[in-house]
Amino acid sequence: MKPRNSPILFLIVFSAILIGCGKTQKKEATRSSSDKPTIVSLAPSITEMIYAIGAERQLIGRTSACDWPADVKKVQVVGAFGQPSLEVITSLVPDLVIDIDLADENMGEKITALGIRRERLNIRSPEDIPAALRKLGELTDNREQADSLAFLIDDGLENFRNTIDTTAITPKVYLEIWDDPLWTGGKSSYVSALITYAGGENIGDAAEKEYFEVSPEWVIRQNPDIIACMYMSRESDVAADIASRPGWDHIQAVKRQKIYDDFDNSIFLRPGPRVLEGIEQLRRIIVAASKE
């Protein structure tokens with residue numbers, strides 16, 4: 001995606017200088033009601049963590065992709081995921097802007113240039129989530145609740161690691177993120193880690209990539225035991241659609257009718273506080289499929 005320059009940056013900066021006193025008064029008024037910083041979240045996973053640690057009253061801006069929990073829809077939208085509006089962010093006068101990734105990294109520099117504190121959380125795997133929660137707790141002054149949740153997730157991940165039966169045959173899982181064209185998660189993807197914690201083997205680990213396109217023939221050769229479809233549910237029967245693909249009737253998952261859909265993408269594709277819930281759902285599917 002090509003970076004986009006904001007043609008109104010000069011006007012925004014100039015306006016910010018002119019109304020500096022007004023901004024100060026507004027911020028002081030905000031601070032008088034709470035000593036904790038006001039926040040703009042630029043990623044759905046960050047927004048979920050903000051709610052999870054009890055900092056939701058500090059959230060004054062979010063992206064259009066931030067849709068959970070339901071109450072977040074009352075919060076001002078500042079743009080799309082990775083593509084925030086500098087003008088809207090500036091109008092909110094936040095103490096803190098937090099992101100994971102931006103389509104145009106220059107946007108982060110522009111936010112900082114306006115005197116707004118900007119922080120980035122690095123979350124690429126389930127193991128990164130506890131550290132991100134602790135950092136978010138420090139940034140938002142909600143340390144106790146953030147630390148408690150981080151401990152629970154750390155402990156939960158350890159329990160999943162300990163319950164994996166290393167002596168049993170590990171079922172091969174094909175996770176289909178999209179079907180036209182076919183996309184799956186590679187070895188470095190977040191979803192691959194979820195599959196591993198759940199006791200499965202991600203067939204996408206054959207590629208040292210995060211997410212990539214595959215051919216139907218490649219999936220047939222990999223012969224997965226389980227197929228999990230993470231795209232939005234369709235009006236048609238997903239399992240029937242997959243089973244009808246040419247040559248797929250030779251795949252073990254199709255033969256044994258181990259095709260699953262109707263997943264909540266916000267749980268499985270976002271590295272956030274509901275990570276244990278996602279792993280547990282996959283684990284139940286893998287355990288049940290292995291027993292039959």
Side-chain angles (χ1 to χ4, degrees), residues 1 43-46 48 65 81-82 99-103 105 120-132 153 157 160-161 164 166 168-232 238 241-242 245 247-248 250-254 258-272 274-286 289-290:
M1 188 174 292
S45 55
I46 293 174
E48 289 198 20
F81 177 36
D99 70 76
I100 287 179
D101 194 15
L102 295 173
E105 287 301 330
R120 167 161 292 181
L121 297 182
N122 183 23
I123 315 172
R124 300 296 178 187
S125 70
E127 295 84 3
D128 294 332
I129 295 173
I153 292 177
L157 292 176
F160 278 119
R161 284 192 290 266
I164 294 175
T166 57
I169 297 175
T170 305
K172 295 189 295 182
V173 180
Y174 167 54
L175 193 149
E176 190 167 283
I177 296 173
W178 195 245
D179 63 343
D180 187 20
L182 304 183
W183 274 78
T184 193
K187 190 172 184 178
S188 61
S189 68
Y190 177 73
V191 293
S192 176
L194 296 185
I195 292 171
T196 299
Y197 272 108
E201 176 189 349
N202 176 35
I203 65 171
D205 286 356
E208 295 285 345
K209 298 179 181 180
E210 191 170 15
Y211 297 98
F212 64 105
E213 182 179 342
V214 299
S215 68
E217 294 74 23
W218 180 85
V219 179
I220 294 172
R221 288 195 301 270
Q222 298 299 318
N223 193 22
D225 301 297
I226 297 168
I227 295 176
C229 304
M230 291 292 175
Y231 41 82
M232 299 295 289
V238 173
D241 289 345
I242 289 177
R245 293 174 182 172
W248 282 49
H250 299 294
I251 295 176
Q252 282 297 315
V254 176
K258 302 303 176 186
I259 305 171
Y260 304 89
D261 67 336
D262 198 24
F263 292 96
D264 184 343
N265 288 4
S266 67
I267 295 177
F268 293 96
L269 303 182
R270 293 177 188 172
R274 295 184 287 166
V275 57
L276 300 181
E277 182 181 343
I279 295 173
E280 177 58 28
Q281 186 173 342
L282 281 177
R283 190 192 69 84
R284 287 197 298 267
I285 289 173
I286 289 172
S290 301

Find out whether [X] and [Y] are in side-chain contact, i.e. whether some heavy atom of one side chain is under 4.5 Å from a heavy atom of the other.
| X | Y | answer |
| --- | --- | --- |
| Ile285 | Phe263 | yes |
| Arg245 | Asp179 | yes |
| Val173 | Asn202 | no |
| Tyr174 | Leu182 | yes |
| Tyr260 | Leu282 | no |
| Thr170 | Ile164 | no |

My understanding is that only residues two or more places apart in sequence, or in another chain, count here; which of them pass side-chain contact (heavy atoms from CB on, under 4.5 Å) with [X]?
| X | answer |
| --- | --- |
| Asp128 | Ile123, Arg124, Ser125 |
| Ile267 | Asp264, Arg274, Glu277 |
| Ala43 | Ser45, Ile46, Phe81, Ile100 |
| Leu269 | Val191, Asn265 |

Please report the closest heavy-atom contact between [X] and [Y], naming both atoms and the distance.
| X | Y | answer |
| --- | --- | --- |
| Gly185 | Ile177 | N-CD1, 4.0 Å |
| Ala193 | Pro126 | CB-CD, 3.5 Å |
| Arg270 | Tyr190 | O-OH, 3.5 Å |
| Asp99 | Asp101 | OD1-N, 3.7 Å |

Distance in Å, [X] [atom1] paired with [Y] [atom2], rounded so as to fall on 0.5 Å steps:
| X | Y | atom1 | atom2 | value |
| --- | --- | --- | --- | --- |
| Ile195 | Phe268 | CD1 | CZ | 10.0 Å |
| Leu175 | Trp183 | CG | CH2 | 14.0 Å |
| Asp261 | Ile242 | CG | CD1 | 7.5 Å |

Check for a donor-acceptor pair, side chain of Ser192 on one end and backbone N or O of Ser188 on the other, with a separation under 3.5 Å.
no
side-chain hydrogen bond (donor to acceptor under 3.5 Å, both in side chains) involving Thr184 - partner list, sequence neighbours excluded
none
Set of residues satisfying side-chain hydrogen bond (donor to acceptor under 3.5 Å, both in side chains) with respect to Gln281, sequence neighbours excluded:
none
Mind checking what makes salt bridge (charged side-chain N to carboxylate O under 4.0 Å, His left out) contact with Glu201, not counting sequence neighbours?
none
Contacts of Glu280 meeting salt bridge (charged side-chain N to carboxylate O under 4.0 Å, His left out) (sequence neighbours excluded), chain-then-number -> Arg283, Arg284
Return the set of residues passing ring-ring contact (aromatic ring centres under 6.0 Å, His included) with Tyr197 (not counting sequence neighbours), or none when no residue passes.
none
May I have the list of side-chain donor-acceptor pairs in residues 215-227 shorter than 3.5 Å, sequence neighbours left out?
unit_1, atom_1, unit_2, atom_2, d
Ser215, OG, Trp218, N, 3.1
Asn223, OD1, Gln252, N, 2.8
Asp225, OD2, Lys172, N, 2.8

Sort and list the pairs that fulfil salt bridge (Lys or Arg N to Asp or Glu O under 4.0 Å) and have at least one residue in residues 185-198, not counting sequence neighbours.
Lys187-Glu208
